[in-house]
Structure formats: C-alpha cells, structure tokens
Amino acid sequence: MTWRWRWRRLAARRAAERDLDDELRSHIEMRTAELRAAGMSEAAALREARKRFGNQTAIRESAREVGVNRHLEEFFQDVRYACRVLARQPGFAATAVLTLALAIGANGAIFSAIHAALLRPLPFPHPDQLVFVWGRDAIHKRWSLSPADLEDFRQAGPFQAVAALQGQSVNLTGIEEPARVVGAFVSPEFFSILGVQAILGRTFAAGEDDPGAERAAVLGYALWQGRFGGDPAILGRKLVFNGDPFTVVGVLPRDFSPFLFKADVWLPSHVYPGYTRARGQTCVLAIARLREGVSQFKAQQELNSITA
Amino acid sequence: MKSPNRLQSTLDLLVLRTLSRRGPLHGYAIVNHIQAASGDELRVEEGSLYPALHRMESEGWVDSEWKLSATNRRVKLYRITAAGRKQLAHEQESWERLSRAVGRVLRLA
C-alpha cells in the first residue's frame with residue numbers, strides 16, 4: 001500500500017517535471033525562432049530567449065537550493081545503504097548508460113536543477129561534454145559504479161577523463177569547536193573535468209588518491225570563511241577529518257556547487273569510509289568528460305562494446 | 001475567496017482575461033498577447049508566467065492540453081474553466097474598484 005502510494009507520487013512528480021520541461025523548452029524554441037526571424041544569430045537568439053525568463057527563475061532556484069542539496073545527499077545515503085546491505089553479485093555493471101550531466105540523473109526529485117540547466121547552461125566549459133556514467137542491471141536503470149568499473153572506462157572509454165564522486169558527512173576535530181560537516185570524496189580528475197580552479201592553493205594533483213600518498217584536503221569556501229575566518233594561512237595546515245590528519249592544499253571558489261551539491265570539504269576517494277575496489281560494491285557516482293567531437297550517442301555505443 | 005497578493009492577482013487577471021477573450025492559448029502566445037494588447041506597456045516576465053499558470057491550473061481556473069500548433073510544434077494550450085470565469089469576474093471587479101479608488105485619490109489629492 002505504502003509502496004504503491006510512494007511509487008505513484010514519484011511517478012506523478014516525474015511526469016509533472018517532464019511536462020514543465022517540455023513546456024519551457026517549447027516556449028524558448030518559439031521565442032528563439034521569432035528572434036531568428038528578426039535577424040538575430042542562432043546563438044544570440046537562444047541567449048536572449050533564455051534571458052527573458054528573468055530573475056524569477058534565479059530566485060526560485062536559490063529558494064530550492066537547500067532542498068536540492070538534501071536530495072543529492074539522500075541519493076548518497078541510498079548508495080551507502082546499497083553498499084552495506086545488498087552486497088551485490090559480481091558482474092553487476094553488465095551495461096553502462098550515459099546521461100548528460102545537464103539532466104542530473106541522480107534523483108527524479110531534483111526539480112529546480114533540471115530547470116536551471118535548461119534555462120542556464122552549467123557554469124563549466126563545454127557542458128555538453130559532461131556526462132554521468134551509470135551502471136544498469138535488470139532492476140536498476142541507473143545505479144552507481146565501483147572504482148574498478150571506472151578504471152575500465154578510463155582505459156578504453158570515449159572519455160577524456162572519468163572521476164568518482166561520493167558524499168558523506170565527516171567529523172572535523174582538533175579545532176576549538178568540533179563539527180560534523182558535509183564531505184565529498186573525489187578522484188583528482190574531478191576538478192579538471194569541471195574546469196574548476198582553487199582560489200587559494202590548488203586542487204588535487206594526479207596520484208593524490210593513491211592510498212600511499214600524503215593525505216590532502218581541499219576546503220569549500222563556506223567552511224574556510226565560517227570556521228577559519230578566511231585566513232590564507234590555512235594552506236599547509238593539518239586538519240583532522242574522521243580522526244586522520246589531512247594537509248589543506250587549497251580552497252575552492254565561493255560559487256562552486258557542482259550540480260547544486262555543496263560540500264564543506266573535498267577529500268580523495270580512497271579515504272571514503274569503507275572504500276573498496278570490489279566490483280560488487282557499487283558506491284560511486286561517475287562523472288566524465290567526453291573526448292572532443294565524440295557525441296553522447298557514439299560514446300554510448302563504445303561503452304556498450306566495452307561492457308557487453 | 002482566496003486573496004493572494006495584488007501583484008499575483010493582477011497577473012491572474014491578465015491571463016484569465018486573455019484566455020476568456022482569445023480561447024485556448026499556449027504560454028508564449030499569452031505573453032505576446034498581453035504585451036500587444038497593452039500597447040507594449042506590460043511585459044509579463046516569463047519566469048513568473050509558468051508558475052502562475054500551474055498554480056491557476058491547480059486552483060481549477062484553467063485546464064491544459066498538449067496539442068500540435070499550426071506550425072507543427074507541440075504546445076501546451078491553456079483554457080479557462082467555469083471556475084476560472086467566476087474568478088475572472090471577481091478579480092476584474094476588485095481591480096476596477098481599486099482603480100476607481102486610486103483615480104479618485106489622484107483627482108482629489
């Protein structure tokens with residue numbers, strides 16, 4: 001009963017989102033066509049058509065941002081649950097699917113993010129090359145992957161780079177007021193895939209996610225400001241996360257919240273609690289950048305041949 | 001009767017009036033119509049139109065249907081309902097009352 005009801009509600013919400021997406025897209029197309037007819041270039045017309053949606057959209061977006069962050073956290077929670085409980089059979093990633101990162105696949109409930117993407121492209125270079133890579137089996141249409149799956153895609157895939165993303169709160173201790181903060185666990189490529197640079201220091205270097213490497217941390221802007229008064233001397237300082245010391249190597253820009261996910265601290269993948277490379281344990285969200293000139297369709301075909 | 005804020009109910013009034021005059025229209029046509037009918041004075045912000053349409057649909061003042069347009073485009077058409085016409089009469093009356101009152105103050109003050 002409850003299940004059926006939840007499913008129905010989810011289905012209705014998804015349908016409503018699709019409906020609104022279609023409607024907004026149709027509106028933007030008509031406006032673009034009109035502006036084109038008036039002599040504007042395709043790109044300028046599209047920009048103008050989007051711009052006319054105005055600040056209202058930005059306001060709605062920011063009002064919902066908190067909610068969106070929560071949804072992505074819920075997604076990570078589901079993933080953790082699956083890692084602990086389901087102990088999936090090996091060979092899970094029988095096929096892999098690509099979705100444009102634009103369309104945020106993590107959760108159907110991420111409502112405003114879809115509209116934000118539709119009305120305003122992702123604030124990253126060449127957003128059309130950004131994709132999520134999902135595992136798929138008979139039950140799950142889109143599910144997370146294991147670090148070993150990502151290795152396969154790095155070897156042979158149609159990608160420039162593939163990065164892992166996981167989220168879980170972490171304990172920050174060894175300072176005056178210990179805190180539980182939002183942690184993100186990523187492979188070093190994550191930042192270069194998004195084309196994001198630190199405003200202070202640097203992001204992760206290649207190899208910094210090797211278990212042997214010195215433990216490095218990159219701070220989010222809000223944590224840096226809120227806990228450390230924006231002090232530049234934070235660089236090189238050791239902070240204790242989940243009981244282990246990490247050297248702060250950088251601070252990220254204020255507006256950095258990829259896919260509306262805001263983390264306080266960014267740590268290397270391998271320090272994720274319970275990190276494992278076992279193929280049956282699929283705990284990682286994969287984001288990738290397609291090679292120049294490779295379409296999503298072509299990339300999907302290549303992936304099919306790898307994972308078939 | 002619900003009384004949302006003035007700005008919101010003015011937008012409702014304009015949209016309902018447009019739909020009652022012109023029959024079923026999609027959002028894009030509603031924006032264009034209001035702009036043209038007001039002699040270019042009123043430009044409905046598109047980012048507020050769709051939330052308003054969806055809100056009015058859940059109030060039961062309009063209903064909607066996907067159709068193919070004359071130019072072969074899939075568009076979502078909105079149509080005013082009987083409840084919407086009632087709401088329109090109410091909004092229009094309250095608007096006229098307000099605008100008469102403002103007019104009186106401007107003349108006399």
I'd like to know whether CD of A/Gln197 has more than 12 heavy-atom contacts from other residues, nucleotides or ligands below 6.0 angstrom.
no
Heavy atoms from other residues, nucleotides or ligands near CZ of A/Arg254 exceed 12 (cutoff 6.0 Å)
no
What pairs with B/Glu93 under side-chain contact (heavy atoms from CB on, under 4.5 Å), at least two apart in sequence or on another chain?
B/Arg97
With a 4.5 angstrom heavy-atom cut-off, which part of B/Arg74 approaches chain A: side chain, backbone, both or neither?
both
Identify the residues of residues 24-32 of chain B whose heavy atoms come closer than 4.5 Å to a heavy atom of chain A, ordered by number, or report 'none'.
B/His26, B/Gly27, B/Tyr28, B/Val31, B/Asn32
